[in-house]
Amino acid sequence: MLARDLLGRILFYRTPAGLIAGRIVETEAYTGEADPASHAYRGRTARNAVMFGPAGHAYVYFSYGMHYCLNVVADRPGTAGAVLLRALEPLAGGELMRSRGDRGPEARLLSGPGKIGRAFGLTLDDNGRDFTRGSLGIGAGTPVSDRQVGVSRRIGISRAVELPYRFAVIGSRSVSAKGT
DNA sequence: CCACCGATTGCT
DNA sequence: GCAATCGGTGGT
């Protein structure tokens, strides 16, 4: 499953103000028709259209009137599927990230989907971006063994709560607050 | 056209 | 425990 395989890989963003990068330590999988918690569950709309497009693109959505969350589209065209990036361990650009408002400790600068959006400066303009081209991308990183991967229920949803679609690196200080 | 509500976060 | 904050979505 791609959500699990993204753990350990590097998300990077070359901005005019400098490089920002982090190691992915927490993800969640969202599918389409079979997943009531997915934005794509009720079919294609203007907001979720990117989820039905080619893999390797960014699906960015606006949440709770104040947060921008980043997904990696993960299925073939026509079939909705995406992986929500929930937490990263900061690798570069800490100062730039702090300039956007977070005052917490280094390891917690990217410890939640909304925090990633803020620290990276993402907006709806980033929806649809191609991770395989341009300044926002995903690098190889360091593999994470199955022994280090914790699987659990997704956070913050009210439907399909029982599905084990959340993956996190055990012991990382950068997983989101409610994570284990 | 209108009302509801969320793949969150940070403060009380 | 709960307010902040607003666009997408679906129903009237």
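Everything numeric here is computed off the predicted structure, so don't read it as measured data. Residue numbers begin at 1 in each chain, while the letters A, B, ... track the order of the sequences.
In this structure, A:Y13 and A:F120 have parallel ring planes: the angle between them is below the 30° cut-off, well short of the 60° mark.
As a whole-Å value, the separation of A:Y68 OH from B:dT8 P is 16 Å. Counting to the nearest Å, the C1' atom of B:dA7 and the NE2 atom of A:H39 are 5 Å from each other. Rounded to a whole Å, the CD atom of A:E26 is 16 Å from the P atom of B:dA7. If you take CD of A:E162 and C1' of B:dA7, they are 15 Å apart, rounded to a whole angstrom. Regarding A:L110, its CG atom lies at a distance of 14 Å from the C1' atom of B:dT9, rounded to whole Å. In this structure, A:L6 places its CG atom 20 Å from P of B:dA7, rounding to the nearest Å. A:M51 has its CE atom 11 Å from the P atom of B:dA7, to the nearest Å. In this structure, the CG atom of A:L84 is 14 Å from the C1' atom of B:dT9, given to the nearest Å.
Comparing the C1' positions of C:dG7 and B:dG10 gives a spacing of 22 Å, expressed to the nearest Å. The separation of B:dC5 from C:dC2, taken at their C1' atoms, amounts to 16 Å, rounded to a whole angstrom.
Figure legend. C:dT5 is base-paired to no nucleotide; pairs are counted as Watson-Crick or G-U wobble with both atom distances under 3.5 Å.
Of all nucleotides listed (B:dT9, B:dG10, B:dA7), B:dT9 comes nearest to the side chain of A:P113. Taking only side-chain atoms of A:M66, from C-beta outward, the nucleotide of B:dA7, B:dG10, C:dT5 with the closest atom is C:dT5.
Residue A:R166 has no polar side-chain atom (N or O) positioned under 4.0 Å from OP1 or OP2 of B:dA7. Contact between the side-chain N/O atoms of A:T45 and the OP1/OP2 oxygens of C:dT9 is found at a separation under 4.0 Å. At the phosphate of C:dT9, neither OP1 nor OP2 sits under 4.0 Å from any side-chain N or O atom of A:R42.
Within the nucleic acid shown, A:F62 comes within 4.0 Å of sugar-phosphate atoms alone, with no base atom in reach, counting heavy atoms only. As judged by a 4.0 angstrom heavy-atom cut-off over every strand, A:R47 is placed among residues touching the sugar-phosphate backbone only. Note on A:G114: only backbone sugar-phosphate atoms sit closer than 4.0 angstrom, heavy atoms only; bases stay farther off.
If you look at A:H39 and A:Y61, their ring centroids are closer than 6.0 Å.
Along DNA chain C, the nucleotide nearest to A:L124 and the one nearest to A:H67 differ in position, and the one closer to the 5' end is contacted by A:H67. In terms of position along DNA chain B, the nucleotide closest to A:G65 lies nearer the 5' end than the nucleotide closest to the other residue of the pair A:D102 and A:G65.
Using a 4.0 Å cut-off between charged side-chain N and carboxylate O, A:R98 and A:E106 make a salt bridge. Using a 4.0 Å cut-off between charged nitrogen and carboxylate oxygen, A:E26 and A:R166 count as a salt-bridge pair.
Looking only at atom types and distance, the side chain of A:S135 has a donor-acceptor partner in the side chain of A:R129 under 3.5 Å away.
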request  = Mind running side chain to side chain donor-acceptor pair (under 3.5 Å) on A:R108 and A:S174 for me, showing each step along the way?
outcome  = CA-CA 5 Å; A:R108 313 279 327 163; A:S174 299; over 6 Å; no
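Stacking between A:Y30 and B:dA7 is shown: the ring centroid lies under 5.5 Å from the centre of the six-membered base ring, and the planes differ by under 30°.
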